[in-house]
Amino acid sequence: MVLLNADTAGSTPPDAPPAGAVDLRFRTALARLQRAGRIRAVTGRRDTDLEIASILKKLDGNQALVFPDVAGHGVPVIGNLLASPANCEAAFGLGFRDIRELIIRCFAGDGLAPRVVPDGPVRQNVITDGIDLGKQLPALRHAPGDGGRFITAGVVLARHPETGIWNASYHRLQLLGGSRTAIRLDLGRHLRSAFAAARQAGTALPIAVAIGTDLSLLYTAATMGSQMPEERDELAAAGALAGAPLEVLAGITQPVLVPAHAEFALEAVILPDQEVPEGPFGEFVGYFSDTGPAPVVEVTALAHRDDPVYFAINGAGRETVMLRKYVLEASVLKVLREAVPIVSDVDMTEGGLHRFHLNIAVSKKGPEHEGLQRNAALAAFGALKDLVRVVVTDDDIDIHSARDVEYAIATRCDAARDLVIIPGARGHEYVRVSDRGVLTKWLIDATVPPGERQRFTRVPFPDQPVSSDDLAQCDLFSNW
Ligand code: MN
């Protein structure tokens, strides 16, 4: 396995998607990460109550962290798994451009239907009597102010009772004691509409929850919006992403499908007739959600592998937002390639939580391309509802570098002419400054007209190969 670094990650042209199937099982990904030196073990006994999440936050955005000794639990916790670009590339064994091409595969066509297999490692241990999630899972309390302990990395699989279409999505589960959790179903979520249809019929909604599962499912569950409408079957979409069907087992206590290679899998129902207060919870935007009413989940089976590892996503940590970075970049790339042929690359920036701020690079070849850079920004706003700010630059700017993008703004943007504001548009209601999701979008055009490229040519330096072997400790000034 060769770990692609920032220098080699971009070597595959963006129009050459990786061919065929990619092994994206959770343990394959962990093995790749370990081989690439991207997992660190945290020594000492560590507590699920605030301590583990605080360490995850403190060391955010770098290597994955595994906590082998968790107080009161015989199960290790792993976090910050996909919380940095380097980790994502190591986990897939691919550069980020190729990861995005895999995700684009999941947006196209009918996908690859899952393959039901008779047995799988997730079934090595099954508990149906005496389920006590708080004892059996090292679920974390993440932040002081959180309403309790939450399962956060669970991918919820549910079949719409009327259409029969499978949905995969992230929903945090707040432990309520014993076999019960709360599940918040925000407006517009596809699971909410499946639950509403079940409740209308007076029945509970069967679900499976996979914790520590295939990367294909982890990324498909992070899709949303117009690229993954409710009519698309997300188990099949996960198959398309991997280039091979997702292996699943038939549920033993519920009519559900369970990912065969997950670390943990719950079978459960969302009860039609009960509501409890859920939250607060430190959210991805870095603020706490309010306490609100939520339906109740009753878990009927808890299955896990021998020697499982429990995957936790830190609520207000970088992993939460990193899981959407390449999904949103793939979404917007797909739209921009179709709409504006001069777009060469995109980046959902870190400071914008990989959700609200986008950089676009364009290659304007002649006067017929002038203005298309603004069309690209407007198309991006149309593609990604939550987008607030777009910066467009020419392709000699490294849009993955905040410093280089600021350089483009500093030297190529005249605000009176190149700053465009669009008030009264819809974004995400979690953006605190918005009026329940209505806010001002803005774009910065930091490109130069094609005829002026010469005047804006950056000072070139010939590339000199210099390695660390060429550098020595300085002793010239020892006697000064
Ligand atoms: Mn969906």
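Just so you know, residue 1 is the first one in the sequence shown, and it goes up from there. Just follow the structure's listing: the first ligand is 1, and inside any ligand the first atom is 1.
Asp49 and Arg141 are joined by a salt bridge, as a carboxylate oxygen and a charged side-chain nitrogen come within less than 4.0 angstrom of each other. Salt bridge annotation for Arg355-Glu350: absent, with no cationic side-chain nitrogen under 4.0 angstrom from a carboxylate oxygen.
The closest approach of Glu234 to the Mn ion (ligand 1), by N/O/S atoms, is made by OE1. Here the N, O or S atom of His190 that is nearest to the Mn ion (ligand 1) is ND1.
Coordination check, Met228 versus the Mn ion (ligand 1): failed, since every N/O/S atom of the residue sits at 2.8 Å or beyond. Among the atoms of Glu230, none of the N, O or S atoms falls under 2.8 Å from the Mn ion (ligand 1).
Ala376 and Ile360 make their closest contact through O-CD1, 3.9 Å (heavy atoms, listed as atom of the first residue, atom of the second, distance).
Using cut-offs of 30° and 60° for the angle between ring planes, the Phe96 and His400 rings count as perpendicular.
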